Asker: 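Submitted below is the structure of interest, expressed as structure tokens.
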Amino acid sequence: MSSVALQAPNVNLQYAALPWRKVHGHLEILLVTTRTSRRWIVPKGWPVSGCKPAECAAREASEEAGVVGEVAAKPLGWFSYDKRLKSGDMLPCKVVVFPMEVMRQRRSWPEKGERQTRWCTIDEALARVPEAGLHRLIAKFGDSVSRAAA
């Protein structure tokens, strides 16, 4: 992923967290639903002025899923999708994804009543996520964690 591609004009850029944890030695990924279509995704959102990309990802994870943790400085990669606007128009977006090791999940957070959250195994996350690019990144992350553990 080149920095030029991330800074290109007319790119609708978003930042996402891939929240993860290990429970009894098993990797789990946290997914959230979108507000309207209820598809399973990872927490993501628009850049915030004055925030670094990884900080934006952490902020989205906190607002959408109530999780707090350590976000990697380097992104895992990126995926593209078409965001449906309230007008019905489609907006092509590029989402840069940062792994985030979750230390805790709050009991309450800003979007708790608007979304569902679910901790999933890698296989379950892959079965639930409809976007091919996000699917690829989750698989890549699961493979890298498995290799590191071996």
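Only this structure's heavy atoms are used, side chains among them; waters, hydrogens and symmetry mates stay out. This one's a predicted model, so the numbers in the text were calculated from it and none came from an experiment.
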Asker: Has the side chain of Glu63 got a donor or acceptor atom that lies under 3.5 Å from a matching backbone atom of Glu111?
Answerer: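 No; zero donor-acceptor contacts below 3.5 Å.
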
Asker: Which residues pass the salt bridge (charged side-chain N to carboxylate O under 4.0 Å, His left out) test with Arg84, not counting sequence neighbours?
Answerer: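 For Arg84 there are no salt bridge (charged side-chain N to carboxylate O under 4.0 Å, His left out) partners, ignoring immediate neighbours.
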
Asker: Drop me the distance from Leu91's CG to Gln14's CD, to the nearest 0.5 angstrom.
Answerer: 8.0 Å

Asker: Please test Phe141 against Val97 for side chain to side chain contact (heavy atoms under 4.5 Å, CB included), starting from the C-alpha separation and ending with a verdict.
Answerer: CA-CA 11 Å; Phe141 182 72; Val97 180; over 6 Å; no

Asker: What is the minimum heavy-atom distance between Val102 and Arg21, and which atoms define it?
Answerer: O-CB, 4.4 Å

Asker: Before you tell me yes or no, could you show the steps for Asn12 and Trp46 under side chain to side chain contact (heavy atoms under 4.5 Å, CB included), namely the whole-Å CA-CA distance, both residues' side-chain angles and the distance that decides it to 0.1 Å?
Answerer: CA-CA 8 Å; Asn12 300 301; Trp46 302 107; 4.2 Å; yes

Asker: Take Val129 and Ile138 through the test side chain to side chain contact (heavy atoms under 4.5 Å, CB included) and record every step on the way to the result.
Answerer: CA-CA 9 Å; Val129 169; Ile138 291 171; 3.7 Å; yes

Asker: Is the shortest distance from a Lys or Arg side-chain nitrogen in Lys44 or Glu60 to a carboxylate oxygen in the other one below 4.0 Å?
Answerer: no

Asker: When rounded to the nearest 0.5 angstrom, what is the spacing between CZ in Arg39 and OG1 in Thr34?
Answerer: 5.0 Å

Asker: Apply side chain to side chain contact (heavy atoms under 4.5 Å, CB included) to Phe79 and His135, showing your working.
Answerer: CA-CA 9 Å; Phe79 70 95; His135 190 277; over 6 Å; no

Asker: Measure the spacing between CG of Leu31 and CD of Gln116 and express it to the nearest 0.5 Å.
Answerer: 11.5 Å

Asker: Tell me if the CZ atom of Arg59 is crowded by more than 12 foreign heavy atoms within 6.0 Å.
Answerer: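 At most 12 heavy atoms, drawn from other residues, nucleotides or ligands, come within 6.0 Å of this atom.
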
Asker: Under the 3.5 angstrom rule, does the side chain of Thr117 hit a backbone N or O of Ala65 as a donor-acceptor pair?
Answerer: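 Looks like no, no N/O pair under 3.5 Å.
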
Asker: Under a 3.5 Å distance rule, please check whether Trp109 uses its side chain to pair with a backbone N or O of Glu64 as donor and acceptor.
Answerer: yes

Asker: First locate atom CD of Glu28, then atom NZ of Lys22, and finally report the distance between them rounded to the nearest 0.5 Å.
Answerer: 11.5 Å

Asker: With side chains defined as the heavy atoms from C-beta onward, is the minimum distance between Thr121 and His26 less than 4.5 Å?
Answerer: no

Asker: Could you tell me which non-hydrogen atom of Ile29 sits nearest to which non-hydrogen atom of Ile122, and how far apart they are?
Answerer: CG1-CD1, 3.6 Å

Asker: What heavy-atom pair brings Cys120 and Glu124 nearest, and what distance separates the two atoms?
Answerer: CA-OE1, 3.7 Å

Asker: Specify the closest pair of heavy atoms between Ala61 and Ala17, including all atoms of both residues, with the distance to one decimal.
Answerer: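 Smallest heavy-atom distance, with atoms named: CB-CB, 3.9 Å.
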
Asker: Under a 3.5 Å distance rule, please check whether Lys140 uses its side chain to pair with a backbone N or O of Leu76 as donor and acceptor.
Answerer: yes

Asker: Would a hydrophobic clustering, with Ile, Leu, Val, Met, Phe, Trp and Tyr connected at side-chain separations under 4.5 Å, put Trp119 with Val68?
Answerer: no

Asker: Can you confirm whether Glu70 is buried at CD, in the sense that more than 12 heavy atoms of other residues, nucleotides or ligands lie under 6.0 Å from that atom?
Answerer: no

Asker: First locate atom CG of Asp82, then atom SG of Cys93, and finally report the distance between them rounded to the nearest 0.5 Å.
Answerer: 7.5 Å

Asker: Atom CD1 in Ile41, atom CZ in Arg115: separation rounded to 0.5 Å?
Answerer: 5.5 Å

Asker: Is there a donor-acceptor pair closer than 3.5 Å between any side-chain N or O of Arg107 and the backbone N or O of Gly66?
Answerer: no

Asker: Considering non-hydrogen atoms only, spot the tightest contact between Ala58 and Val71 and give its length.
Answerer: CB-CG2, 3.5 Å

Asker: Ser62: what forms a side chain to side chain contact (heavy atoms under 4.5 Å, CB included) with it, not counting sequence neighbours?
Answerer: Arg106

Asker: Search all heavy atoms of Ala57 against all heavy atoms of Tyr15 and return the closest pair with its distance.
Answerer: N-CB, 4.2 Å

